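Ligands are counted one by one from 1 in listed order, and the atoms in each one are counted from 1 as well. In this text the structure is predicted, and so the values were computed from the model without any measurement.
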Amino acid sequence: MTFQAVYTSEEKIKEIRNQFPILKEKINGKPLIYFDNAATTQKPQTVIDAIVNYYSHQNANIHRGVHTLSQKATDAYEYARKKVATFINAPKSEQIIFTRGTTESINLVAFSYARAFLNEGDEIIISALEHHSNIVPWQMVCEEKNLQLKVIPINDKGELLMDAYESLLSNKTKIVAVNHISNALGTINPIKTIISKAHAFGAVVLIDGAQSVSHLKIDVQTLNCDFFAFSGHKMFASTGVGVLYGKEELLNKMPPFMGGGDMIKTVTFEKTEYNELPHKFEAGTPHIEAGITIANAIEYIESVGFEFIMEHEQHLLQYATQKISEIERIKIIGTAAHKASVLSFIVQEIHPYDIGVLLDKMGIAVRTGHHCTQPIMDRFCIPGTVRASFAFYNTLEEIDIFIESLKKAIAMLK
Ligand code: PMP
């Protein structure tokens with residue numbers, strides 16, 4: 001990096017940090033260092049303002065009202081849907097289903113698509129890197145319908161074994177569901193290859209994009225995935241809203257996931273006719289203001305720019321990886337060649353929880369435990385890790401403080 005580039009990016013990060021009020025908080029008397037971005041991201045002022053604005057000027061139920069407020073709220077909600085479609089390059093905004101989050105999006109596919117179209121003996125492939133949200137719904141539907149669940153294994157670096165994946169694929173494979181980026185290890189999976197190989201056997205592919213959508217530019221048409229799921233709260237928007245993108249022909253043939261208001265055209269006691277996309281999958285009053293904040297979050301991400309996000313986060317990851325590797329007794333878990341800004345590690349003979357508690361006393365928020373990926377922890381024969389996960393508002397100085405604090409914590413726990 002040239003001096004000019006460093007200077008420019010420092011200025012830019014300062015400006016970015018000013019947009020996130022929570023980053024000025026003190027925790028236990030120390031400036032907050034927030035390294036738990038894989039769990040949830042902090043919110044920029046524009047998202048916070050959108051929530052206040054919604055309740056100050058727009059609050060009404062959407063889609064059914066003729067009055068002005070209802071139309072305002074509907075317009076803002078539907079604008080967010082269009083924003084999401086453009087953001088991930090979906091052909092139509094009707095292909096964007098608002099859910100409560102990645103978990104609900106995956107459940108929707110499991111309990112609509114898999115339940116309706118898979119038959120006894122059919123197979124679903126997931127990977128050893130999945131979050132429980134991309135394991136349990138498939139197990140539930142497998143049990144109900146007598147399907148087989150197959151798992152792509154990983155190597156010691158936390159990379160998928162692609163040869164093993166190919167040998168799992170067959171004409172029995174109907175669904176492949178994998179994450180784009182592992183929340184526990186940071187591995188970036190070769191999803192384009194995974195998708196094309198699954199398609200060669202006629203299987204549909206769901207990508208769990210919970211960890212990728214705020215770090216990498218997503219283009220669902222180039223990827224050619226059949227479904228793509230993500231959560232608002234991991235991309236600087238509110239909690240309680242998520243997205244399921246699906247190919248139109250699949251969404252059209254899938255039965256509704258839940259019944260209720262908004263997902264119907266007509267209801268009689270004899271028969272109900274379902275609504276068009278996307279409403280067919282959106283029963284009941286949604287989390288309206290959360291949906292609206294997705295538009296603000298996307299506008300914010302775009303104003304920062306993916307080029308900057310990817311370069312800065314890689315810089316943070318490399319710097320932190322190098323610094324942490326110099327500490328004795330540390331073992332990094334997840335050393336894939338292609339990694340996002342997630343640094344999971346263990347300290348020999350010290351429980352991750354104890355490290356997390358001491359770091360918190362020093363103002364540093366990291367996550368400890370199994371990160372909802374117990375099978376990964378079992379694979380590495382560990383109870384859990386300490387995970388530092390970075391976003392574009394984090395800095396090299398924060399990493400320096402984190403490293404010094406970690407050294408202190410280890411010394412205290414010896
Ligand atoms: N998949 C991955 C890879 C995740 O990281 C998470 C959240 N940690 C989820 C799914 C579930 O997301 P949510 O809790 O927002 O539904």
Side-chain angles (χ1 to χ4, degrees), residues 34-43 47 84 97-111 126-140 151-152 154 158-160 176-191 194 205-216 218 225 227-245 257 281 286-287 290-291 293-294 297 313 333-334 336 338-344 365-377 379 384-391:
Y34 187 76
F35 283 173
D36 196 17
N37 294 286
T40 199
T41 53
Q42 297 303 345
K43 316 305 170 200
V47 165
V84 172
I97 315 295
F98 280 133
T99 62
R100 282 188 302 133
T102 310
T103 303
E104 188 175 297
S105 299
I106 296 170
N107 274 273
L108 194 165
V109 178
F111 290 101
I126 59 171
S127 90
L129 287 178
E130 299 314 314
H131 187 278
H132 296 162
S133 298
N134 202 26
I135 301 173
V136 184
W138 304 115
Q139 284 176 327
M140 289 162 78
V151 183
I152 311 166
I154 52 174
E159 296 167 322
L160 296 182
V176 174
V178 291
N179 63 33
H180 193 175
I181 295 178
S182 153
N183 63 307
L185 306 184
T187 312
I188 303 177
N189 290 317
I191 54 168
I194 290 173
V205 183
L206 177 142
I207 300 297
D208 168 354
Q211 293 296 336
S212 63
V213 75
S214 67
H215 301 282
L216 304 173
I218 303 299
C225 53
F227 301 103
F228 193 93
F230 57 96
S231 301
H233 72 96
K234 291 185 199 279
M235 53 173 292
F236 315 104
S238 296
T239 47
V241 68
V243 169
L244 175 69
Y245 155 83
F257 170 46
F281 293 109
H287 196 164
T293 64
I294 285 203
E313 290 180 353
I333 307 293
H338 299 287
K339 265 188 78 172
S341 50
V342 170
L343 186 58
S344 250
V366 291
R367 187 139 298 237
T368 60
H370 56 61
H371 318 295
C372 294
T373 57
Q374 283 181 3
I376 300 184
M377 302 303 130
R379 166 68 176 71
T385 71
V386 182
R387 182 187 70 185
S389 52
F390 313 117

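Contact of the Leu343 side chain with the Arg387 side chain is not registered, since no non-hydrogen atoms from C-beta on lie closer than 4.5 Å.
The ring-ring contact (aromatic ring centres under 6.0 Å, His included) test applied to His233 returns no partner, not counting sequence neighbours. A search for salt bridge (Lys or Arg N to Asp or Glu O under 4.0 Å) contacts involving Glu159 returns nothing, not counting sequence neighbours.
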Report task. Given side chain to side chain contact (heavy atoms under 4.5 Å, CB included), test Trp138 with Ile106 step by step and report yes or no. Result -> CA-CA 9 Å; Trp138 304 115; Ile106 296 170; 3.8 Å; yes
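Ring pair Phe257/Phe111 is parallel by interplanar angle, where below 30° counts as parallel and above 60° as perpendicular.
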Per-pair distances, 0.1 Å, donor-acceptor, side chain in residues 234-242, under 3.5 Å, sequence neighbours excluded:
| from | atom 1 | to | atom 2 | distance (Å) |
| --- | --- | --- | --- | --- |
| Lys234 | NZ | Ala38 | O | 2.8 |
| Lys234 | NZ | Ala39 | O | 3.0 |
| Ser238 | OG | Thr293 | OG1 | 3.3 |

Is there any protein N/O under 3.5 Å from an N/O of ligand 1, and what does the full list of such pairs look like?
| from | atom 1 | to | atom 2 | distance (Å) |
| --- | --- | --- | --- | --- |
| ligand 1 | 1 (N) | Asp208 | OD1 | 3.3 |
| ligand 1 | 1 (N) | Asp208 | OD2 | 2.5 |
| ligand 1 | 5 (O) | Gln211 | NE2 | 2.7 |
| ligand 1 | 8 (N) | His131 | NE2 | 3.3 |
| ligand 1 | 8 (N) | Lys234 | NZ | 2.7 |
| ligand 1 | 15 (O) | Ser231 | OG | 2.7 |
| ligand 1 | 15 (O) | His233 | NE2 | 2.7 |
| ligand 1 | 16 (O) | Thr102 | N | 3.4 |
| ligand 1 | 16 (O) | Thr103 | N | 2.9 |
| ligand 1 | 16 (O) | Thr103 | OG1 | 2.5 |

